[in-house]
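Have a look at this one before I ask anything.
Each chain gets a letter, A, B and so on, in the order the sequences are listed, and its residues count up from 1. Just so it is clear, the values below take in all heavy atoms, side chains as well, and ignore hydrogens, waters and symmetry mates.
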Number of protein chains: 2
Amino acid sequence: MQSDRLYRRIVEQIEDALLRGELRPGQRLPSERELVAQFGASRSTIREALRVLENDGVVRSRPGDKQGPELLPFSTAALARQMTRLVRFEQITIAELISSRMIFDSAAARLAAVLHTADELAEMEAAVASMNAAMPDDLDAFGQADLAFHEAVARASRNTFVQVSDAVVHDVVLSLITDDIDQAQNQVSFMARSAEFHGRILAAIRERDGITAARLSRQLLFDFYANHVSAEQRVLLAALVDE
Amino acid sequence: MQSDRLYRRIVEQIEDALLRGELRPGQRLPSERELVAQFGASRSTIREALRVLENDGVVRSRPGDKQGPELLPFSTAALARQMTRLVRFEQITIAELISSRMIFDSAAARLAAVLHTADELAEMEAAVASMNAAMPDDLDAFGQADLAFHEAVARASRNTFVQVSDAVVHDVVLSLITDDIDQAQNQVSFMARSAEFHGRILAAIRERDGITAARLSRQLLFDFYANHVSAEQRVLLAALVDE
DNA sequence: CTAGGTCACTGGTCAGACCAGTGCGCTTCC
DNA sequence: GGAAGCGCACTGGTCTGACCAGTGACCTAG
């Protein structure tokens with residue numbers, strides 16, 4: 001008995017064709033009505049299969065597109081979505097998220113210190129330079145340079161999973177902590193301290209001293225975020241900071 | 001203009017209801033035909049929404065089930081599926097996954113060393129005892145005790161995100177590396193070495209020496225998995241091991 | 001009180017229709 | 001000959017209504 005639902009089998013057939021290389025990202029799928037003919041299934045069934053594939057980030061359908069559904073390049077977007085779900089549904093505390101960032105960021109720094117190429121190092125240096133350039137009062141540019149630095153480090157870590165996790169957690173943390181802008185009074189001193197710290201992390205990476213780079217990364221996040229959580233939760237973060 | 005597709009909006013409404021607690025796992029959704037009435041959409045549209053939710057592991061539909069689609073407890077199955085996908089399509093290498101486990105496990109050990117309660121420590125001690133008890137030849141019991149130890153450590157870390165990520169990566173790695181059973185010839189020596197290592201990690205946690213516990217955790221995974229990846233990928237793992 | 005059958009309901013699938021958009025190709029005009 | 005404008009065939013999104021194989025509660029016959 002074929003208990004497997006038909007739309008499911010169609011999904012698997014298309015995924016298998018991708019795995020076998022018979023279909024490639026960038027190519028187009030036949031239009032829904034042609035798929036109906038090819039698979040001998042009704043249009044509703046074909047569409048259910050396409051919705052699942054679309055949800056997994058495999059294809060994208062656009063109305064009126066004569067070329068048919070597009071096979072997308074493999075991306076970690078669906079993975080990031082599932083991780084975001086995890087954060088939302090598991091009721092993860094802000095302290096846990098910050099703690100996670102300390103873990104990911106420091107791991108990325110440690111890996112980047114050993115594995116970085118000259119190009120990647122140049123990217124990090126440019127980001128730190130941008131931070132210093134934005135220093136007097138351009139908080140926006142400063143934030144962007146900050147982000148660029150951490151992204152460059154994450155990329156240099158050669159670990160996609162760390163990279164994606166770090167980005168997801170980063171986004172979620174920022175979306176939950178909105179009052180970081182409120183600290184306008186000590187904005188300047190914060191920027192100065194942050195820039196100096198980033199400079200030290202960069203130096204450690206340049207000298208391929210992964211352990212120091214990791215330690216500094218944790219310290220940086222702790223300094224910045226520790227007072228955003230209750231004292232009782234702060235121990236969860238402090239546990240990651242070397243004495 | 002409402003360019004957002006209707007089925008997409010229905011998915012979001014149901015997910016929002018879950019987030020707000022208006023719907024709970026274990027409850028049932030109305031039947032498709034009732035949802036048609038409630039949302040004022042056609043059955044095809046409702047079904048496309050249900051397919052997406054089903055694909056995300058949120059609901060499960062069974063034909064003939066009078067109670068309607070079941071709201072599932074939150075699970076990381078969809079997350080694991082996405083990771084497996086990316087590995088299959090060679091967007092993520094096994095080395096990256098092992099590297100991630102080294103990061104998660106060592107972070108969990110470090111946190112557990114500082115944060116563990118007496119109960120949790122007892123759990124870890126029991127697990128290590130079980131490993132030693134299973135030692136001569138019961139590889140199955142040994143593996144279970146191993147898993148129990150790491151789960152206890154992860155739980156003691158007080159970090160849900162690390163805990164879940166670690167578990168997911170652990171499962172995916174195991175499902176992808178099947179030849180670890182092949183090493184029957186040095187099974188005994190492996191078990192002895194592994195048990196000894198776990199004992200040392202446990203001791204470090206007991207003494208609340210997080211840095212040592214973390215270092216040993218990385219070392220353990222590296223020793224076990226390093227020869228499962230190519231030499232060129234091994235440097236990605238070696239970067240996490242202290243000299 | 002139980003065994004068996006009926007029947008209203010479920011989800012899975014199908015067929016056919018309409019709509020708003022898109023882009024190609026043709027016409028028309030400069 | 002080239003550019004601007006118009007159709008028109010086709011796309012995906014949605015709807016309607018139908019049939020089927022299961023399921024489970026209820027009812028009836030024993």
Under-4.0 Å side-chain N/O to phosphate OP1/OP2 contact, A/R5 with C/dG11:
no
Name all residues meeting the side-chain hydrogen bond (donor to acceptor under 3.5 Å, both in side chains) criterion together with B/E22; count only those two or more places apart in sequence or in a different chain, and write none if there are none.
B/R20
Contacts of type side chain to side chain contact (heavy atoms under 4.5 Å, CB included), residue A/Q82, not counting sequence neighbours
A/R85, B/D56, B/A78, B/L79, B/Q82
With sequence neighbours excluded, tell me which residues meet side chain to side chain contact (heavy atoms under 4.5 Å, CB included) with B/T160.
A/E90, A/I92, A/E96, B/V164
What residues 59-70 of chain A contributes to the DNA chain D interface at heavy-atom separation below 4.0 Å is A/R62, A/P63, A/G64, A/D65, A/K66, A/G68, A/P69
Return the set of residues passing ring-ring contact (aromatic ring centres under 6.0 Å, His included) with A/F149 (not counting sequence neighbours), or none when no residue passes.
A/H198
Quick one: list whatever passes salt bridge (Lys or Arg N to Asp or Glu O under 4.0 Å) with B/R88, sequence neighbours left out.
none
Taking salt bridge (Lys or Arg N to Asp or Glu O under 4.0 Å) as the test, write out the residues that go with A/D16, two or more places apart.
none
Can you pull the salt bridge (Lys or Arg N to Asp or Glu O under 4.0 Å) pairs that have at least one residue in residues 142-166 of chain A, sequence neighbours excluded?
A/R101-A/D166, A/E120-A/R158, A/E123-A/R155
With sequence neighbours left out, what residues match B/A226 under side chain to side chain contact (heavy atoms under 4.5 Å, CB included)?
B/F222, B/R234
Going by number, which of residues 34-43 of chain B have a non-hydrogen atom under 4.0 Å from DNA chain D?
B/G40, B/A41, B/S42, B/R43
Scan residues 26-33 of chain A against DNA chain D and write down, sorted by residue number, each residue with any heavy atom closer than 4.0 Å; if none is found, say none.
A/S31, A/E32, A/R33
Residues in side chain to side chain contact (heavy atoms under 4.5 Å, CB included) contact with A/T45, at least two apart in sequence or another chain:
A/L6, A/Y7, A/I10, A/A41, A/S42
